[in-house]
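One structure below.
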Amino acid sequence: ADAGVLALIPDAPHAWRDRQLVDFRLSDIDRFELRGRRELRLDRLPGTGGWRLTSPLAARADGDRVDAVISGLLRLQVAEFVSDRPVVDPESYGLAPPVMELILSRGTNEVVRLQFGTAATNAPGLVHVRNLIQTNVVLVSGEVMESVGQPASAFRDRRVAPSLKAASQIEFSYGTNQTLMERSGTNWMVTRPVRFPAGRYAVRSRPCRDAGRRSSRRSGPARRRRP
């Protein structure tokens, strides 16, 4: 029985280590910044939980894509621990300068700063990463650089209309005809030209699609009002 218990105990020191590359909550992050091979910055919109691209251009961002990239980092596992020394030769890992640097922040406080280096010569598919908070150098799947290092255009919101989560009124104008919808709690009501309940699915999806098609054909564009 004692031998069986001992057999379950790992004999390698690294077997006891936490292989999660980073540890934070998605809600902790309100700024996403890339430097190096890619240069971009995304900021979370206060109150709505959405994201906006602020550099290299100002535009609506695809919040689902941004959250998916950050969530992917939370799931990323260390494949191999390379060095735990606080001072290393950065050139040997492609970190002088790093190929790419990712900074995740909350307000003015950095939550995570990762430096991505070159691929490992003896481990195809893995790249060197240094976590500046912990100072160690590790190897992780090279796919993370493809996910994190997407161009700014990949993070843009390509929907014609933005999310309606924060809207309390939606007004459509088609020539001389006008339709007004207002939110009451979680429900929507058409209040003009006549009053009746609006279908929840129609409010969430149809207006966003139809507004884009109709505004290209008619003189009266769809307008969205915020509270």
Side-chain angles (χ1 to χ4, degrees), residues 22-34 40-75 102-112 147-148 150-227:
V22 291
D23 184 17
F24 56 85
R25 293 177 301 178
L26 183 60
S27 59
D28 291 339
I29 306 303
D30 59 20
R31 189 169 78 245
F32 178 110
E33 189 174 358
L34 276 181
L40 66 86
R41 173 171 166 170
L42 297 135
D43 290 277
R44 192 183 292 275
L45 298 173
T48 67
W51 288 88
R52 182 165 182 79
L53 188 64
T54 55
S55 179
L57 73 161
R60 287 202 326 265
D62 184 341
D64 292 338
R65 179 182 289 272
V66 179
D67 286 342
V69 170
I70 298 175
S71 297
L73 282 173
L74 287 169
R75 296 190 299 269
L102 171 67
I103 305 166
L104 301 178
S105 306
R106 181 177 181 86
T108 58
N109 300 318
E110 289 187 5
V111 177
V112 171
S147 174
V148 171
Q150 298 178 75
S153 59
F155 289 102
R156 295 193 65 173
D157 188 350
R158 305 216 173 247
R159 293 173 296 183
V160 172
S163 171
L164 303 178
K165 291 180 181 179
S168 62
Q169 290 185 335
I170 305 173
E171 183 178 343
F172 294 95
S173 298
Y174 315 128
T176 59
N177 300 320
Q178 292 185 332
T179 300
L180 178 65
M181 293 187 292
E182 297 181 346
R183 188 199 298 269
S184 178
T186 59
N187 300 315
W188 286 86
M189 293 288 296
V190 175
T191 57
R192 195 170 63 209
V194 294
R195 186 178 180 86
F196 60 88
R200 183 176 300 178
Y201 174 77
V203 173
R204 288 181 177 177
S205 58
R206 278 292 292 277
C208 294
R209 299 196 305 267
D210 293 350
R213 293 198 294 265
R214 292 170 181 167
S215 64
S216 64
R217 298 197 303 264
R218 302 177 184 246
S219 59
R223 296 196 299 261
R224 175 180 177 234
R225 292 182 180 174
R226 291 179 177 263

*asked:* side chain to side chain contact (heavy atoms under 4.5 Å, CB included) for V148 and F32? Distances and angles first, verdict last.
replied: CA-CA 10 Å; V148 171; F32 178 110; 4.3 Å; yes
Roughly how far, to the nearest 0.5 Å, is [atom2] of [Y] from [atom1] of [X]?
X	Y	atom1	atom2	value
L40	T54	CG	OG1	8.5 Å
L180	R195	CG	CZ	10.0 Å
L53	D62	CG	CG	11.5 Å
R75	I70	CZ	CD1	12.0 Å
S168	R183	OG	CZ	7.5 Å
I103	I29	CD1	CD1	11.5 Å

For [X] and [Y], which heavy atoms make the closest approach, and how far apart are they?
X	Y	value
R44	W51	NH2-CZ2, 3.2 Å
S71	L26	OG-CD2, 4.0 Å
M181	W188	O-CZ3, 3.8 Å
L73	V22	O-CG2, 3.5 Å

Quick one: does [X]'s side chain get under 4.5 Å of [Y]'s, heavy atoms only?
X	Y	answer
S153	R158	yes
P193	T179	yes
M189	E182	no

_Pairing of D157 and R52 as salt bridge, 4.0 angstrom limit_ =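 Judged by the 4.0 Å cut-off on N to carboxylate O distance, D157 and R52 do not form a salt bridge.
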*Apply side-chain hydrogen bond (donor to acceptor under 3.5 Å, both in side chains) to R41 and list each qualifying residue two or more places apart in sequence or on a separate chain.*
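Counting only residues at least two positions away or on another chain, R41 forms a side-chain hydrogen bond (donor to acceptor under 3.5 Å, both in side chains) with D43.
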Could you tell me whether the side chain of [X] and the main chain of [Y] form a donor-acceptor pair under 3.5 Å?
X	Y	answer
R106	S27	yes
D30	G107	yes
R60	R159	yes

